[in-house]
Amino acid sequence: MIVIVRENVAPEGLDELCGYLRSQDVEPHVIVGQKQTVVGLIGDTTSIDIHHLESMGQVASVRRVSEPFKKANRQFHPDDTVVEAGGVEFGGGSFGVMAGPCSVESEEQCMIVAEAVKQAGATVFRGGAFKPRTSPYAFQGMGEEGLAILSKVKREFGMPVVSEIMDARDLPLFDDVDILQVGARNMQNFSLLKELGKTDKPILLKRGLAATIEELLMAAEYIMAGGNGRVMLCERGIRSYDTRTRNVFDVSAIPVLRGLTHLPIIADPSHATGRTRLVAPVAYAAVAAGADGLEVEVHHDPAHAASDGAQALLPGQFDEMMRRVSMVRSAVTEPLAVL
């Protein structure tokens, strides 16, 4: 349930309203937006008398939120949430690009790639230190050593870094990581999500391999219910029977999510397609659909990459993609001329 507050209600009146709501055994969360103030109610609202609530002088209207996700719901929070990480913003009109290798392989590799992607316009450096792999015999990442390399990249190039966390017990190791990524395989690792809800770090939450949009939003709700509202959603493709692409990129999920939630929406065309030649076209589609950012894999020597070389862009390809992304953004965000 959400309560729309009347315009020009004094702080004392808002406090009085929240006091009444607490007396009804629900917890009010006040969200002050650009156009209106909303009070979201968390808890069992079935016993609240809506007619009595609407009769109060501070209240303009009352609406029930039918979806099971509350804090992630746009009805609960009408304005776009802007998530800031290391000086970079996502959402609310701000667009950012996370780029780098799938996995951290060496300091030299990361320094070469970081210099290239920053020059091309990337705002966040991505690199996996811990890698969940289908095969237990595949490269699992460099672990703590990889995180140390990411810290060096961060200091050298002044870029915030994003890396995947797989186990809540590793949280102390990620102190210098600006954005914690939850991979598709861990989207419904609820014990991990609960622990991330206790942190104040931005979370990049990837959609599961066969997850519905509602399941993605409910996973975000787990983090937000723990107190961390700095969540970004990532569309990275869902599993299909077709083998021509690694996954199927659900471009329609971006505008659907835009209507359902206030959280920033990031697109990952690399994991969605699994093919280098398909990454840029899907990135353009995601930007045109309204994504708040991209996460793209870039490697200076993809033929010898320890993981996912088949979907990594070369630095030159990434530079060209960024140039065209800027053109697409301009086309879809600039107001149309009145003839």
Side-chain angles (χ1 to χ4, degrees), residues 98-114 117 124-153 161-171 173-174 177 179-189 191-193 196 204-211 219 234-249 266-279 282 295-315 317-318:
M98 310 174 194
C102 174
S103 58
V104 175
E105 299 164 12
S106 70
E107 182 176 332
E108 179 186 19
Q109 168 228 24
C110 287
M111 292 296 177
I112 291 172
V113 176
V117 298
V124 177
F125 184 76
R126 65 145 293 155
F130 295 87
K131 297 300 300 179
R133 304 299 298 278
T134 302
S135 170
Y137 309 112
F139 178 63
Q140 304 288 313
M142 296 179 68
E144 290 188 58
E145 186 180 353
L147 291 175
I149 291 173
L150 290 176
S151 293
K152 290 182 180 179
V153 170
V161 296
V162 54
S163 194
E164 181 170 353
I165 185 166
M166 297 167 53
D167 192 324
R169 292 172 294 184
D170 291 332
L171 269 170
L173 304 178
F174 283 74
V177 174
I179 303 171
L180 303 180
Q181 177 176 300
V182 177
R185 293 172 176 85
N186 275 314
M187 190 204 80
Q188 289 184 314
N189 182 344
S191 60
L192 175 61
L193 301 182
L196 295 178
L204 179 64
L205 178 65
K206 290 200 166 187
R207 185 177 179 182
L209 301 176
C234 184
E235 169 56 45
R236 47 81 69 201
I238 50 179
R239 181 164 287 172
S240 167
Y241 52 81
D242 205 324
T243 58
R244 292 291 180 175
T245 58
R246 181 174 181 176
N247 296 288
V248 174
F249 184 73
I266 310 299
D268 177 354
S270 301
H271 281 92
T273 64
R275 306 284 191 275
T276 296
R277 66 182 180 83
L278 302 177
V279 171
V282 171
E295 186 179 39
V296 181
E297 292 187 0
V298 181
H299 199 291
H300 70 296
D301 186 14
H304 296 95
S307 61
D308 287 348
Q311 63 195 36
L313 298 180
L314 287 163
Q317 294 172 316
F318 178 71

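Taking the side chain as every heavy atom from C-beta outward, Phe125 and Pro101 approach each other to under 4.5 Å. With contacts defined as side-chain heavy-atom distances shorter than 4.5 Å, the pair Pro269/Phe249 does not qualify. Side-chain atoms of Val296 and Val117, non-hydrogen and from C-beta on, never get closer than 4.5 Å to each other.
Residues forming a side chain to side chain donor-acceptor pair (under 3.5 Å) with Arg239 (at least two apart in sequence, or on another chain): none. Shown here are the side chain to side chain donor-acceptor pair (under 3.5 Å) partners of Asn186, two or more places apart in sequence or in another chain: Asn189. For Glu144, the side-chain contact (heavy atoms from CB on, under 4.5 Å) criterion is met by Leu173, not counting sequence neighbours. Taking the side chain to side chain donor-acceptor pair (under 3.5 Å) definition, one finds that Glu107 meets it with Lys152, sequence neighbours left out. Applying the salt bridge (Lys or Arg N to Asp or Glu O under 4.0 Å) criterion to Arg169, with sequence neighbours excluded, gives Asp167.
Contact between Met187 and Ala211 at its shortest, heavy atoms only, is CE-CB, 3.6 Å. Heavy atoms only, all atoms of each residue included: Gly208 and Ile238 are closest at O-CG2, 3.9 Å. When all heavy atoms of Ile165 and Leu192 are compared, the closest pair comes out as O-CD2, 3.9 Å. The shortest non-hydrogen separation linking Leu196 to Leu180 is CD2-CD1, 3.7 Å. Heavy atoms only, all atoms of each residue included: Glu295 and Asp268 are closest at O-OD1, 3.2 Å. Listed here is the closest heavy atom pair of Val153 and Ala114: CG1-CB, 3.7 Å.
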Identify each donor-acceptor pair in which a side-chain atom of residues 299-315 lies under 3.5 Å from a protein atom, sequence neighbours left out, and give them as a table.
from: His299; atom 1: ND1; to: Asp301; atom 2: N; distance (Å): 2.8
from: His299; atom 1: ND1; to: Asp301; atom 2: O; distance (Å): 3.3
from: His299; atom 1: NE2; to: Glu105; atom 2: OE1; distance (Å): 3.2
from: His299; atom 1: NE2; to: Glu105; atom 2: OE2; distance (Å): 3.3
from: His299; atom 1: NE2; to: Gln109; atom 2: NE2; distance (Å): 3.4
from: Asp301; atom 1: OD1; to: His304; atom 2: ND1; distance (Å): 3.2
from: Asp301; atom 1: OD2; to: His304; atom 2: ND1; distance (Å): 3.0
from: Ser307; atom 1: OG; to: Ser103; atom 2: OG; distance (Å): 3.0
from: Asp308; atom 1: OD1; to: Arg246; atom 2: NH1; distance (Å): 3.3
from: Asp308; atom 1: OD2; to: Arg246; atom 2: NH1; distance (Å): 3.3
from: Asp308; atom 1: OD2; to: Gln311; atom 2: NE2; distance (Å): 3.3
from: Gln311; atom 1: OE1; to: Arg246; atom 2: NH1; distance (Å): 2.6
from: Gln311; atom 1: NE2; to: Glu297; atom 2: OE1; distance (Å): 3.1
from: Gln311; atom 1: NE2; to: Glu297; atom 2: OE2; distance (Å): 3.3

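Considering CG of Leu278 and CZ of Arg244, their distance stands at 11.0 Å, rounded to 0.5 Å. With rounding to the nearest 0.5 angstrom, the SG atom of Cys110 is 9.5 Å from the CD1 atom of Ile112.
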Tell me, with the steps shown, if Leu147 and Phe130 meet side chain to side chain contact (heavy atoms under 4.5 Å, CB included).
-> CA-CA 9 Å; Leu147 291 175; Phe130 295 87; 3.8 Å; yes

Applying side chain to side chain contact (heavy atoms under 4.5 Å, CB included), run through Leu204 and Met98 and close with a yes or a no.
-> CA-CA 11 Å; Leu204 179 64; Met98 310 174 194; 3.8 Å; yes

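Counting only distance, with no hydrogens or angles, the side chain of Thr273 and the backbone of Thr245 share no donor-acceptor pair below 3.5 Å. The closest donor-acceptor contact from the side chain of Asn247 to the backbone of Leu209 lies at 3.5 Å or more, if one exists at all. Side-chain atoms of Arg207 never come within 3.5 Å of backbone atoms of Ala184 as a donor-acceptor pair (strictly under, hydrogens ignored).
Using a cut-off of 4.0 Å between Lys/Arg side-chain N and Asp/Glu carboxylate O, Glu164 and Lys206 are scored as not salt-bridged.
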